[in-house]
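Reading through the structure tokens given below for one structure.
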2 protein chains.
Amino acid sequence: MNDRSAVRLTRLQQALAEGGSLRLAEAASLCGVSAMTIRRDLAGADGELVLIGGHLMRADDPRHVPAYDLAVQRDRHAEAKRRLCERALATLEAGDTLFIDCGTTLMPLALSLPEDMSLTVVTYALNVAEAVSARPGVRLWLLGGIYHGSSRSFASDDMAETIRGFGLNKAFLSAAGVHPRQGLSCFHFHEVAPKQAAIATAQRRLLVVDASKQGLVRPARFAGLDDIDEVITEAAPQRP
Amino acid sequence: MNDRSAVRLTRLQQALAEGGSLRLAEAASLCGVSAMTIRRDLAGADGELVLIGGHLMRADDPRHVPAYDLAVQRDRHAEAKRRLCERALATLEAGDTLFIDCGTTLMPLALSLPEDMSLTVVTYALNVAEAVSARPGVRLWLLGGIYHGSSRSFASDDMAETIRGFGLNKAFLSAAGVHPRQGLSCFHFHEVAPKQAAIATAQRRLLVVDASKQGLVRPARFAGLDDIDEVITEAAPQRP
DNA sequence: CGCGAAATGTGATTAAAATAACATTGTCAT
DNA sequence: ATGACAATGTTATTTTAATCACATTTCGCG
């Protein structure tokens, strides 16, 4: 890759930095070269930009990781989570103040919150916040702190205290492990405090887990099964 | 649109809810129908899903608002901001703790932070947080609170106090208006407290504004020009 | 200036996707 | 059963995008 090519690439990358897509021809005229040159630039680049059906866009955001052969597995999970979250949605009432836990399990819930119900969502997860921020009708309170990429969530010393300051109607909790005796656990210790605070504060505590978490124990225990009011899950996997 | 068609569409929509794209053929086999049927489903749908070059993806994604005829104007802005942020980047030093203000001006900065410099970023803007969260080498502290969609940022009562608790080396500030006598202003009052706290706390205060903001006064004044140590801007527009 | 190498443009060719047309299957009411 | 209609599949056609081969331009350098 040569110098001018690199200049064009960074230029395009910046043009697309804030999102959006560019038609190949537009990208070309933007750089004052032909479409063929843009193609060649792209071919010699590191793959941060991607050309798909004549549209140029960034490859690095979550959008584009193609489902490929993961498709089946991904979908089994997504399908299960979707069904669980549908049931979670059904429990919502106008005026609710919800706590939504981190992880991917509750994403379908965050994505399909009704906008005509005057809801308030409290969360410490960046992905949940992104999803909820796209729903203009829903009030969103994000609990800030230091970011943990592993769970896409934030942690801070006074988070538990802040949570206790809310009048939470319902807490939707996720867990990476559910065990009859060991209770509920997750991978990361920084999730424990907010989870426990939400459990302590909310009127109604709903655990949403798919069947694959049943019987597992993870490093960080945050509650017992009896701290939960309702478990939204599939039937446990049958053992013949 | 018929029932089964609607079922397939919601199914696909949920499969894509967390991002990613599906090849048309994959989507088809996922639903157990032919590609043509998926096409027909899409044609009769409301346009939430979009098929582009054989890839199926959500349309509500910022990636797809095409730059179209806005391209030129968008780029003029993005181009200017990119250049300004390049100069802002040059001021960074290893170990810095940065405050990054909300708005779109500082996005190119957030997107191209070096990962090998041990940086910490403090921000109250969701879009900045998203951008920084994609850089594993950079520590991120998000100041939480109630979300304001207008500026994609958060506000809370104790935010100013929290900011004063950081050892900020540099504060990168944006403004919607810069006036010789009226000083610096922005559109939204909830931005005033964090901006002022950052100005009060940071060792070095850098204002990043493009020329289009010069001479303007916006509703919420947050500082005077002399509260800023350095202004990163283009030459003011010439009047012939 | 003029040569050579690299970069880019142009038009032809191939591959792929979108559309359209028609065939088949399934469903329901009579 | 069977005819009508909707839904879907299959194949052909048109349109669009990607690739290739070669012509042209640009740039550095003796």
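These numbers were taken from a predicted model, which means no experiment stands behind them. Letters go in sequence order (proteins before strands), and every chain restarts at 1.
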Residues forming a salt bridge (Lys or Arg N to Asp or Glu O under 4.0 Å) with Lys213(A), sequence neighbours excluded
Asp210(A)
With the side chain counted from C-beta on, respond yes when Leu92(A) and Leu113(A) share a heavy-atom pair under 4.5 Å apart, and no when they do not.
yes
Could you pull out the protein-nucleic contacts involving nucleotides 9-11 of chain D (nitrogen or oxygen on both sides, under 3.5 Å)?
from   : atom 1 : to       : atom 2 : distance (Å)
dG9(D) : OP1    : Ser34(B) : N      : 3.3
dG9(D) : OP2    : Ser34(B) : N      : 2.7
dG9(D) : OP2    : Ser34(B) : OG     : 2.7
dG9(D) : OP2    : Thr37(B) : OG1    : 2.4
dG9(D) : N7     : Arg40(B) : NH2    : 2.7
dG9(D) : O6     : Arg40(B) : NH1    : 3.4
dG9(D) : O6     : Arg40(B) : NH2    : 3.3

Ignoring hydrogens and geometry, is there a side-chain-to-backbone donor-acceptor pair from Gln214(A) to Ala211(A) under 3.5 Å?
no
Of all the heavy-atom pairs spanning Leu173(B) and Leu106(B), show the shortest one and how long it is.
C-CD1, 4.1 Å
Over all heavy atoms of both residues, which pair between Gly177(A) and Arg218(A) is shortest? Give the atoms and the distance, please.
N-CG, 3.8 Å
Measure CD1/Ile38(A) against C1'/dA17(D) and give the value in whole Å, please.
16 Å
Holding to salt bridge (Lys or Arg N to Asp or Glu O under 4.0 Å), I want the full list of residues that pass it with Arg205(B), two or more places apart in sequence or in another chain.
Asp229(B)
Under the 3.5 Å Watson-Crick or G-U criterion, the dot-bracket string of DNA chain D, with | for inter-strand pairs
||||||||||||||||||||||||||||||
Distances under 3.5 Å only, N/O to N/O: pair up the protein atoms with those of nucleotides 14-18 of chain C.
from    : atom 1 : to       : atom 2 : distance (Å)
dA17(C) : OP1    : Arg23(B) : NH2    : 2.8
dA18(C) : OP1    : Gly53(B) : N      : 3.4
dA18(C) : OP2    : Arg39(B) : NH1    : 2.9
dA18(C) : OP2    : Arg39(B) : NH2    : 2.6
dA18(C) : O5'    : Arg39(B) : NH1    : 3.2

Would you mind checking if Glu230(A) and Lys170(A) are paired as a salt bridge, meaning a charged N to carboxylate O distance below 4.0 Å?
no
Value in whole Å for how far the P atom of dA17(D) lies from CD of Glu26(A):
12 Å
Fit a plane to each ring of Tyr147(B) and Phe154(B), take the angle between them on a 0 to 90° scale, and name the class: parallel (under 30°), tilted (30 to 60°) or perpendicular (over 60°).
tilted
For Arg139(A), does the CZ atom sit with more than 12 other heavy atoms under 6.0 Å from it, leaving out its own atoms?
no
For His179(B), what residues pass the ring-ring contact (aromatic ring centres under 6.0 Å, His included) criterion, not counting sequence neighbours?
none
